[in-house]
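Take a look at the structure set out below.
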Amino acid sequence: MDLRESADDRAFRAEVREFLDGALGGEFATVRGRGGPGDEGALFAERQAWERHLAAHGWTCVGWPKEHGGRGLSLRQQVVYHEEYARARAPGRLGIVGEGLLGPTLIAFGTPEQQARFLPGIVAGEELWCQGYSEPGAGSDLAGIATRAERDGDEWVVTGQKVWTSLAHWAQWCFVLARTSPVGSDGKRHRGISYLLVPMDQPGVEIRPIVQMTGDSEFNEVFFDGARTGAANVVGEVGGGWAVAMGTLAFERGASTLGQQLNFRNELAAIVDVARARGVASDPTVRQRLARAHVGLEIMRLNALRIPDSPVSKLYWATVHRSLGELAVDVLGPAALVAGPETDALLRLFLFSRADTIYGGSNQVQRNIIGERALGLPK
Ligand SMILES: Cc1cc2nc3c(=O)[nH]c(=O)nc-3n(C[C@H](O)[C@H](O)[C@H](O)COP(=O)(O)OP(=O)(O)OC[C@H]3O[C@@H](n4cnc5c(N)ncnc54)[C@H](O)[C@@H]3O)c2cc1C
């Protein structure tokens with residue numbers, strides 16, 4: 001595979017750059033560099049306007065097929081797009097869960113009616129989604145969910161508690177894993193789980209923010225107490241939601257994080273600046289770690305081009321990013337003990353990157369998957 005940039009790639013890069021620089025140099029200058037992990041609470045209204053602006057110019061859902069409202073970009077072009085997005089320091093995307101997780105899931109598993117109802121709202125940047133998987137007693141062991149849904153006429157009635165639900169406070173919809181039949185005598189817990197699309201703005205849904213060390217509260221506890229959704233809002237078979245849920249997880253661990261990954265280079269650049277300013281850039285140990293971080297990010301980029309959906313990629317980028325956070329505080333030195341305008345961004349990087357090796361499948365769980373499914377090792 002030739003990983004060098006072609007003339008077409010360069011022309012495409014220029015097109016993306018022109019669009020982003022034009023928008024972020026003018027009307028949207030205030031959102032530049034805002035939002036994203038660790039700063040998710042920033043400038044909601046302005047970033048929503050940005051979502052709509054991207055949509056109006058065809059720059060949302062760039063990897064989706066054209067027939068579903070996407071731009072149909074190749075993987076190479078998606079990488080270029082996200083590189084340029086990061087270079088321009090364009091804002092963290094509000095629609096990331098719908099665009100990266102639910103949309104591709106509906107394209108793969110949804111009915112034509114579900115696709116027609118839900119995909120356009122995601123493409124337009126009008127409907128935001130959250131992911132209702134984890135519960136207090138079910139994280140890595142996702143089949144242990146206790147939330148249940150019961151049929152009542154033309155509706156499902158959902159009761160249970162979800163936790164760590166990112167961006168639920170902004171979302172109009174949640175894709176919820178719920179048990180629609182009890183575990184049978186065969187003990188197979190993966191059966192009897194359904195994948196429901198549930199509207200958030202209703203009396204049976206309560207959202208309680210979880211405040212993190214960073215001061216942000218980008219995730220929440222979500223309580224469903226008799227929440228309702230239409231009978232047609234089940235993706236896949238009733239009781240067969242596990243396969244759909246795993247499909248979503250594959251998207252979560254794969255190309256959906258490309259944009260985020262390519263942003264890490266900006267973070268490394270900021271770390272290098274601090275290292276220079278503090279006079280530690282020439283320290284042999286720091287130099288070596290900076291070089292290793294640079295190489296790590298380059299490998300991540302090449303892996304994204306080569307094998308975006310490999311089980312290795314989530315493990316790799318999450319680990320590289322967590323090391324980058326550790327490097328940031330080591331370079332800051334004692335200054336890392338005090339929060340302030342000069343240290344905030346790197347401290348947020350350090351704190352938030354701890355989460356990367358947990359969400360979407362912890363490092364240990366990813367290693368199990370690689371061991372069992374890729375290498376064929378025994379459980
Ligand atoms: C920033 C962030 C955002 C999140 N957003 C969402 C969201 O939007 N929606 C949502 O549903 N969830 C979300 N989550 C939850 C996330 O999916 C879970 O935290 C994750 O699946 C781990 O589950 P847990 O926290 O219950 O930990 P546990 O599963 O209890 O794991 C605890 C420890 O045990 C290890 N472990 C568990 N099982 C095994 C095993 N079989 N083999 C080896 N080690 C094991 C884990 O690696 C971990 O170190 C988010 C989490 C974070 C940190």
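For reference, positions follow the sequence shown, starting with 1. Indexing begins at 1, ligand by ligand and atom by atom, following the structure's order.
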Return the closest protein heavy atom for [atom] as residue, atom name and distance.
{"atom": "atom 19 (O) of ligand 1", "result": "Ile358 CG2, 3.5 Å"}
{"atom": "atom 39 (C) of ligand 1", "result": "Val365 CG2, 4.3 Å"}
{"atom": "atom 26 (O) of ligand 1", "result": "Gly139 CA, 3.3 Å"}
{"atom": "atom 3 (C) of ligand 1", "result": "Ser166 OG, 3.4 Å"}
{"atom": "atom 47 (O) of ligand 1", "result": "Ser362 OG, 2.5 Å"}
{"atom": "atom 9 (N) of ligand 1", "result": "Gln131 O, 2.7 Å"}
{"atom": "atom 44 (N) of ligand 1", "result": "Gln364 CB, 3.4 Å"}
{"atom": "atom 51 (C) of ligand 1", "result": "Tyr359 CB, 3.4 Å"}

Minimal non-hydrogen separation, [X] against [Y], with atom names:
{"X": "Gly226", "Y": "Val157", "result": "CA-CG1, 3.6 Å"}
{"X": "His169", "Y": "Ser217", "result": "CE1-O, 3.7 Å"}
{"X": "Asp283", "Y": "Thr285", "result": "OD1-N, 2.9 Å"}

Within-cutoff protein neighbour (heavy atom, under 4.0 Å) for [atom]:
{"atom": "atom 35 (C) of ligand 1", "value": "no"}
{"atom": "atom 23 (O) of ligand 1", "value": "yes"}
{"atom": "atom 32 (C) of ligand 1", "value": "no"}

**Report entry** Part of Asn368 with heavy atoms under 4.0 Å of ligand 1, whether side chain, backbone, both or neither
**Finding:** side chain

Query raised in the report: Is it the side chain (CB and beyond), the backbone, both or neither of Ser134 that lies under 4.0 Å from ligand 1, heavy atoms counted?
Result: both

**Report entry** Parallel, tilted or perpendicular, as decided by the 30° and 60° cut-offs, for the rings of His190 and Trp242
**Finding:**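 Because their plane-to-plane angle is under 30°, the rings of Trp242 and His190 count as parallel.
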
Query raised in the report: Is the gap between the ring centers of Trp164 and Tyr359 under 6.0 Å?
Result: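 Trp164 vs Tyr359: aromatic centres not under 6.0 Å.
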
Requested in this report: Compute the centroid of each ring, for His68 and then for Phe118, and state whether the two points are separated by less than 6.0 Å.
Outcome: no

**Report entry** Contact atoms of ligand 1, heavy-atom distance to Tyr133 under 4.0 Å
**Finding:**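 Answer for ligand 1: 11 (O).
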
Query raised in the report: Numbering the atoms of ligand 1 from 1, which are under 4.0 Å from a heavy atom of Ala355?
Result: 1 (C), 53 (C)

Using modelled atom types only, decide if a donor and an acceptor are shared between the side chain of [X] and the backbone of [Y] within a distance under 3.5 Å.
{"X": "Arg179", "Y": "Arg189", "value": "yes"}
{"X": "Tyr81", "Y": "Trp59", "value": "yes"}
{"X": "Asn220", "Y": "Val222", "value": "no"}
{"X": "Arg34", "Y": "Asp39", "value": "no"}

Report task. Under the salt bridge (Lys or Arg N to Asp or Glu O under 4.0 Å) rule, what do Glu218 and Arg348 come out as? Steps first, then yes or no, please. Result -> CA-CA 13 Å; Glu218 53 205 71; Arg348 267 204 308 267; over 6 Å; no

Query raised in the report: Which one of Phe175, Trp129, Trp164 has a non-hydrogen atom at the shortest distance from atom 4 (C) of ligand 1?
Result: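 Nearest heavy atom to atom 4 (C) of ligand 1 lies in Trp164.
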
Query - Sub-3.5 Å N/O-N/O distance, Thr165 and ligand 1 - result: no

**Report entry** Contact check: Ser140 vs ligand 1, nitrogen or oxygen atoms, below 3.5 angstrom
**Finding:** yes

